Number of protein chains: 2
Amino acid sequence: MSRNPEEPVYNRIEEARTALGLSRQDLADKAGVHYQTIGYLEREEYSPSLVLALRIAKSLNQEVSELFSLNPFKKGK
Amino acid sequence: MSRNPEEPVYNRIEEARTALGLSRQDLADKAGVHYQTIGYLEREEYSPSLVLALRIAKSLNQEVSELFSLNPFKKGK
DNA sequence: TCATTATGTTGCATTAATGCTACATAGCAT
DNA sequence: ATGCTATGTAGCATTAATGCAACATAATGA
């Protein structure tokens, strides 16, 4: 958020996406967003809206909490 | 999202908040946002950022998926 | 070699999310 | 009656999230 620039959101989008053999474009199509938006999210240049997070989670068959966290994810799951 | 004005996000924030005996101000303090932001969310006038959704879920001891959904919630849980 | 695909980078425009201030109302307690 | 708390509403300012276009690079395959 603009009012909380110090608190990032960590994610495992790339990990989950590649595990399904999807390109960013594939995931973007499923989630209904621009393919570069997926890139920004994977590089954690910004955090998504809740709507997008829910769509991505659905597209990747994961729980929001499995894909996104306020705390860094541990190595290898 | 601005690019998906047709897809709202449903939530049970008020239900979960009152169940804990919290006022909007209480929840806002916990989540680190303005108390009126909670009001806007409860009235579903807009959907939160993922960061805020994660903070609210944590503040209410709930999973994001228990509090927010792309589909309307059924009656009484 | 050439084309395609996937990805990264930059830049610009639009808009929703959030903060904040002020005011109104209703309920409750004193 | 008065004050306090919780909530709703409206308006304005700021900024992050998203779209989109253009270009670069690397890998792959024909």
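Quick caveat, the model's predicted, so the values are computed rather than measured. Residue numbering restarts at 1 for every chain, and letters A, B, ... go by the order of the sequence lines.
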Next item on the list: Please check the phosphate of D:dT18 (OP1 and OP2 only) for any side-chain N or O of A:H34 closer than 4.0 Å.
Entry: no

Notebook entry, point to check: Taking only N and O in the side chain of A:S49, is any of them less than 4.0 Å away from OP1 or OP2 of C:dA17?
Noted result: no

Check: Could you state the CG-C1' distance from B:D29 to D:dA6, rounded to the nearest angstrom?
Finding: 14 Å

Next item on the list: Find the distance A:L27:CG to D:dT18:P and express it as a whole number of Å.
Entry: 13 Å

Next item on the list: Measure the distance from CD1 on B:I38 to P on C:dT18 and round it to the nearest whole Å.
Entry: 9 Å

Next item on the list: Go through the steps to decide whether A:Y46 and A:T37 satisfy the test side chain to side chain contact (heavy atoms under 4.5 Å, CB included), and finish with yes or no.
Entry: CA-CA 9 Å; A:Y46 55 60; A:T37 294; 4.1 Å; yes

Margin query: Let me check something: do B:I56 and B:Y35 share a hydrophobic cluster, defined by ILVMFWY side-chain heavy atoms less than 4.5 Å apart, either directly or through other members?
Written below: no

Next item on the list: For B:L52 and D:dA16, give me the distance from atom CG to atom P, rounded to whole Å.
Entry: 15 Å

Item checked: Below 4.0 Å: OP1/OP2 of D:dT7 and any side-chain N or O of B:R17 -> yes

Checklist line | Under 3.5 Å donor-acceptor pair, A:Y40 side-chain atoms to C:dT10 base atoms | finding: yes

Next item on the list: Map B:P48 and B:Y35 onto DNA chain C by nearest heavy atom, then report which one ends up closer to the 5' terminus.
Entry: B:P48

Next item on the list: Whole angstrom is fine here: how far is it from CZ in B:R55 over to C1' in C:dT18?
Entry: 11 Å

Next item on the list: Grab the CG-P distance between B:L50 and D:dA16 for me, whole Å please.
Entry: 16 Å

Item checked: Nearest-nucleotide comparison on DNA chain C, the residue closer to the 5′ end among B:T37 and A:D26 -> A:D26

Notebook entry, point to check: Quick one: on DNA chain D, does A:L41 or B:G39 contact a more 5' nucleotide (nearest heavy atom)?
Noted result: B:G39

Check: Does the gap between the ring centers of B:Y10 and B:F73 come in under 6.0 Å?
Finding: no

Item checked: Base D:dA10 paired with B:Q36 side chain (donor-acceptor, <3.5 Å) -> yes

Next item on the list: Grab the CD-C1' distance between A:E42 and D:dT18 for me, whole Å please.
Entry: 16 Å

Notebook entry, point to check: Roughly, in whole Å, what's the span from OH in B:Y46 to P in C:dA17?
Noted result: 8 Å

Next item on the list: With side chain to side chain contact (heavy atoms under 4.5 Å, CB included) as the test, would you mind laying out the steps for B:L27 and B:L20 before giving the verdict?
Entry: CA-CA 10 Å; B:L27 176 54; B:L20 293 180; over 6 Å; no

Note to self: Using every non-hydrogen atom in the two residues, find where A:R17 and A:L22 come nearest and quote the distance to one decimal.
What the structure shows: NH1-O, 2.8 Å

Margin query: Below the 4.0 Å mark, does C:dA17 have OP1 or OP2 next to a side-chain nitrogen or oxygen of B:S47?
Written below: yes

Notebook entry, point to check: For C:dT10, does OP1 or OP2 lie under 4.0 Å from any side-chain N or O of A:R43?
Noted result: no

